[in-house]
Each structure stands twice: as C-alpha cells, then as structure tokens.
There are 2 protein chains.
Amino acid sequence: MSGLRERKKAETRRSLQEHALRLFAEKGYDATTVEEIAAAAGVSHMTFFRYFPSKPAVVENDDYDPMLAAAIRSRPPDEAPLTAIRHALVAALRAMPAGELSTVLARSRLIVREPTLRARQSEAQRATRQMFAESLAGRGALSDFERQVVAGAALAALTMAIEEWVRVDGRQELADLVECAMTSLTRE
Amino acid sequence: MSGLRERKKAETRRSLQEHALRLFAEKGYDATTVEEIAAAAGVSHMTFFRYFPSKPAVVENDDYDPMLAAAIRSRPPDEAPLTAIRHALVAALRAMPAGELSTVLARSRLIVREPTLRARQSEAQRATRQMFAESLAGRGALSDFERQVVAGAALAALTMAIEEWVRVDGRQELADLVECAMTSLTRE
DNA sequence: ATAATAATAGTTATCAGCTAACATTTACAC
DNA sequence: GTGTAAATGTTAGCTGATAACTATTATTAT
C-alpha cells in the first residue's frame, strides 16, 4: 500500500486539489476550467475525472462526518437532541488545531462564495444530516422524521455559522458562532 | 398588454413548462434534453433558454415567498420567532385549495427525487431564508445573524416536511407534517 | 533481471447545457 | 401598407462529463 504507484496516485490527487484550489481562489471557480487544472497538475482532463467525479468534488471533504456523529453519540443520553449536537459541535471545534481551522476557512470561503459549490454542498449535507439523525437514536423519544428535522435544523444553524465566519473572515471563533447559532434555536 | 404578442409569449412559456414537467415525469429529468422539450413545444432550444435561464429553472416557482413573508409579519409580535413561522406556514397551507396542493406535490416530487433539482432548490431557498429572516424583524430581540439562523432552521424543517410529504405520496396533510416538524424544534 | 500482468493515464470522440452573433420572421404603430 | 422593434431560428462554439480504446508504467512471479 506504499508502493510507488500508491504514492504517485496520492501525489497526483494532492497536486490536482492544490492547483484547483489555488486557481479557484486566483481567478474564480467558473472561470477556471478542468482543462486548466489538469494542465497545471501536468495531467490530462480525463485523469482529473478519474480522481474526482466532478469539478466541484475537488473542493469537498466530508472527513468530519464520522467524527461529529461519534461526538454526538457520546453525549450524555439525557441531553436534549439540539443541546447534544451543540455541545458535540462546539467541543469538536474547540479541539481543532488552528492550522486545520484555517484550511477549513479557506475551503469554506470558496464554497460560500461560489453558488455552484454552495449548491453541491447542500447536496453533500444530506449525508451529514443522515448521520446526525442516526446519531440521535434513543435520545428524547423522537420519530425518524423528527430526528431528520432536528438534524436538518442543526445543520442549517451550522451552515449559517460558517457563512458568518466567512463573512467576518475568521475574526470570530467558529466555535463561538456555532454556540450562538445553536443556542438561538433552543432559546424559544 | 394583452396583444397577440403577449398572449403568444405566455402560451409558449406555459407550453414549455407543461411539456417539460410531463417529460421529466415520464422519462426522468436527466434523460430529458432541452432539445426534446423545445421540440415538444414546437420551438427551438434557444427559445427555451430565452424563457427559462436554465433547464432546472423550468421546474421552480418562488411565487409563495412574498405571501409567506407577509403571513409571518402579521403574526402577533409577542409570539416567539419559530412559533410565528410555524403558525404562518400552517395557516397558509391550510388555506391552500386542494388543486393547488396537488400541483405543489407534483413539483415537489420532481425536486425531491432529482439531485440536480434539489441542489438548485437549496440555492433558491437562500432568497426564501432572507425573506423569512427579514420578516422576523422586531421579534424577540434577535441579531441579524440569529434571525438568519432561525429562518434557516425553519426552512430546513419545512424542507424535511415536504420530503416526508413526497415520501408518503401526499397521503398525509402537508400542514400536519409542517406542524409536527416545527413543533419538534421548539419542544426542547 | 526480465517477462507477464494489471493498474494507470492519454487520446479521441461524443453528448448535453448553455451562450453569442447573426439572419429572419412576425406583430405592432403609424 | 410600411417601417420598426420584438421574437425566433440558425449556426457555431465552449465547458463539463462520459465512453471506447490505446499506450504507458509499476508490480510480481519467475
């Protein structure tokens, strides 16, 4: 698994992603063609599509979903659903090193500002919502439907927090914004 | 404004939309090309794009936004934000004639089932969210940010209700589903 | 070390959505 | 009726995405 082939693949993937993000930031998402990204990484456009199923996919990373789901599940079972999600999110964000957060900020900036990427993001969030909903199992005697609703609402709050985070260009802590957002949901 | 030209335009638009929805339902969204829709309506594909800015746009209708915003604004000012939105939505839905609801169901079916349309929908919802947020002005001493959060969460709940509505193929009242969804948010 | 093999990448062609430039038809106002 | 302006069609092109096929390159078994 660490042969030359594997390393080359990883390197190509990384290079494609890196050049893509750089070009998107430099000249805009729509103004950057897959052809250009591939050329910058020294491969053909077909290779791009072998590594990423679509142009927007090169920006996305769903790596946090399982971690967050686990964090929700490990909250005390008597906590209300939205409260459990809030604590899980805030704790996860506070535990995140600054370097990683700035990467997340860069990606988020792109996604929030490019309509095409936003649209994709909301589609990717369906999986996240599903995970959130499942990780609420057994909490507060909710039906499947109600769990989806709560998970969806929490994700909407998280999304709003991230958009605000991008708007203030990271000058407020994302964890604080998420805490504020989630609290304004439960405080009714 | 009711010259032959205007009438023809309205008729062309209606025809394009009608054939589009029919073809989408018959053979799927992706499998239906703009060319086919245009041909079915007896025009060229360029004419299609003169009437609708994009293929997905032919399915969308944002006609309800102003009505809903007004309904929210006219709720008693001491009602909590989520509660006000809930009552506004439920009242608007209960006042809707059955025929219109079945049209909404048909459109929703398409949108919920076609990933491409879902993605677009979520983008269109940004405008709806903005309207919801603005129509919450003065209610509950919320900041701009918090209003966006609450509006976003409410819309997420509405979306979940509509998805469930489609899932049960309209056999439950949408108003009831919305009421259930919104209530599960405030009940924490 | 080398040949067989399997993975990986490139080439080419094609399709669909979408836009632009230009020509042509058609309703309207006079 | 005729000129004008709107509406439509024609054609061509760009970009994202997929498929079929070929060529290259790393692995592996000898």
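In the text below, chain A, chain B and the rest are named by the order of the sequence lines, each starting its count at 1.
- Residues that satisfy the side chain to side chain donor-acceptor pair (under 3.5 Å) test with B:Arg14, not counting sequence neighbours, are B:Glu11, B:Glu18.
- Remark: B:Arg13 pairs with no residue by the side chain to side chain donor-acceptor pair (under 3.5 Å) rule, at least two apart or across chains.
- Within the 3.5 Å criterion, the main-chain N or O of A:Glu179 finds no donor-acceptor partner in the side chain of A:Arg86.
- When every heavy atom of A:Gln148 is checked against every heavy atom of A:Ala133, the shortest pair comes out as NE2-CB, 3.7 Å.
- Remark: side-chain polar atoms of A:Trp165 are paired, donor with acceptor, to backbone N or O of A:Gln172 under 3.5 angstrom.
- Scanning for side-chain contact (heavy atoms from CB on, under 4.5 Å) contacts around A:Ser122 gives B:Ser122, with sequence neighbours left out.
- Sorted by residue number, the members of residues 45-53 of chain A with any non-hydrogen atom under 4.0 Å from DNA chain D read A:His45, A:Met46, A:Phe49, A:Pro53.
- The CZ atom of A:Arg5 sits 8 Å away from the P atom of D:dA26 (whole-angstrom rounding).
- Side-chain contact annotation: B:Thr83 with B:His87, donor-acceptor N/O pair under 3.5 Å absent.
- Using a 4.0 Å cutoff on non-hydrogen atoms, no part of residues 107-127 of chain A comes near DNA chain C.
- Minimum heavy-atom separation, B:Ala181 to B:Ala161: CB-CB, 4.4 Å.
- Of the residues in residues 30-42 of chain A, A:Thr32, A:Thr33, A:Val34 come within less than 4.0 Å of DNA chain D through at least one heavy atom, sorted by number.
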